[in-house]
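Order of the sequence lines fixes the chain letters, A, B, ..., with proteins taken first and strands second; residue numbering starts at 1 for each chain. Computed over heavy atoms, backbone and side chain alike; hydrogens, waters and symmetry mates excluded.
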Amino acid sequence: QQQVKQSPQSLIVQKGGISIINCAYENTAFDYFPWYQQFPGKGPALLIAIRPDVSEKKEGRFTISFNKSAKQFSLHIMDSQPGDSATYFCAASFPYGTNAGKSTFGDGTTLTVKP
Amino acid sequence: DGGITQSPKYLFRKEGQNVTLSCEQNLNHDAMYWYRQDPGQGLRLIYYSQIVNDFQKGDIAEGYSVSREKKESFPLTVTSAQKNPTAFYLCASRSRGGLTGELFFGEGSRLTVL
């Protein structure tokens, strides 16, 4: 049972364009929704994260939109740059309690930004 | 610099051999995790430890073993019982006292079974 579904699997955008990656989750007990960025041969690193009590969070060119009723959240990358080319993972986790830190990940989206 | 160090970065193993992947952190984090990453798939949890001398199975623990004798160290042994061990293995840590669920990852170990 996949608790976090991510789409698309791959995405190609032109430099300066908007990249949009979507995720849907099933377990309403999740309380923390991060996006991780991973470059080839490296470990993932936190890009941006959101809690379900807000509908949007923006950090520079990166924005998370969160729809609690639809159990969906998305990552928007504005003015996409070739340096943004990487694999992006959405995740969902429980920050507290016995399952704290156990993150469930989407399958990842490989983003290619063409110059 | 604080962080997570995984070694070796690349490892080749013959079938039937056990191998141990090292994970060391100097972030003073209580919780540590091992994830497996396969092409086109997300990260899947193998084992995790919330505190020293305690660890729990994740979603794909069969064929793996861990120990947590020190706060800084969480080694993973890939045993010969693991049917498809070729993969990229990621170690992560998290502060239990933190207000977020952020995981800090190492750079990974790529295991290839010949």
Is there a chain of hydrophobic side chains (I, L, V, M, F, W, Y, each step under 4.5 Å between heavy atoms) that links B:Trp34 to B:Leu45?
-> no

Decide whether A:Tyr88 and A:Val113 are clustered together by the hydrophobic rule: side chain heavy atoms of Ile, Leu, Val, Met, Phe, Trp, Tyr closer than 4.5 Å, transitively.
-> yes

Euclidean distance, B:Tyr35 OH relative to A:Ser103 OG, rounded to 0.5 Å | 4.5 Å

With the 4.5 Å side-chain cut-off for hydrophobic clustering, are B:Tyr89 and B:Val19 part of the same group?
-> yes

Any chance you could measure A:Gln38, atom CD, to B:Leu43, atom CG, to the nearest 0.5 Å?
-> 6.5 Å

Which portion of B:Phe88 sits near chain A, non-hydrogen atoms under 4.5 angstrom | side chain

Under 4.5 Å from a heavy atom of chain A, the part of B:Leu103 involved = both

For B:Gln56, is it the side chain, the backbone, both, or neither that has a heavy atom closer than 4.5 Å to a heavy atom of chain A?
-> neither

A:Tyr36, part contacting chain B, at a heavy-atom distance under 4.5 Å | side chain

Nearest-0.5 Å distance that lies between atom CZ in B:Arg94 and atom NZ in A:Lys102 = 12.5 Å

Check the surroundings of atom CZ in A:Phe39: do more than 12 heavy atoms from other residues, nucleotides or ligands lie under 6.0 Å from it?
-> yes

Honestly curious: do B:Ile4 and B:Leu11 fall in one hydrophobic cluster under the side-chain, below-4.5 Å linking rule?
-> no

When rounded to the nearest 0.5 angstrom, what distance separates CD in B:Gln41 from CZ in A:Phe89?
-> 10.0 Å

Consider only side-chain heavy atoms of I, L, V, M, F, W and Y, link residues closer than 4.5 Å, and tell whether A:Val4 and A:Phe66 are in one cluster.
-> yes

For B:Lys9, does the NZ atom have more than 12 heavy-atom neighbours from other residues, nucleotides or ligands under 6.0 Å away?
-> yes

In this structure, OG1 of A:Thr104 is separated from CZ of B:Arg44 (nearest 0.5 Å) by 12.5 Å

At a heavy-atom separation under 4.5 Å, does B:Leu90 approach chain A through its side chain, its backbone, both, or neither?
-> side chain

Nearest 0.5 Å, what's the CG-CZ distance between A:Leu46 and B:Phe105?
-> 9.5 Å

Which of the residues A:Pro34, A:Pro44, A:Gly41 is involved in the greatest number of heavy-atom pairs with chain B at under 4.5 angstrom?
-> A:Pro44

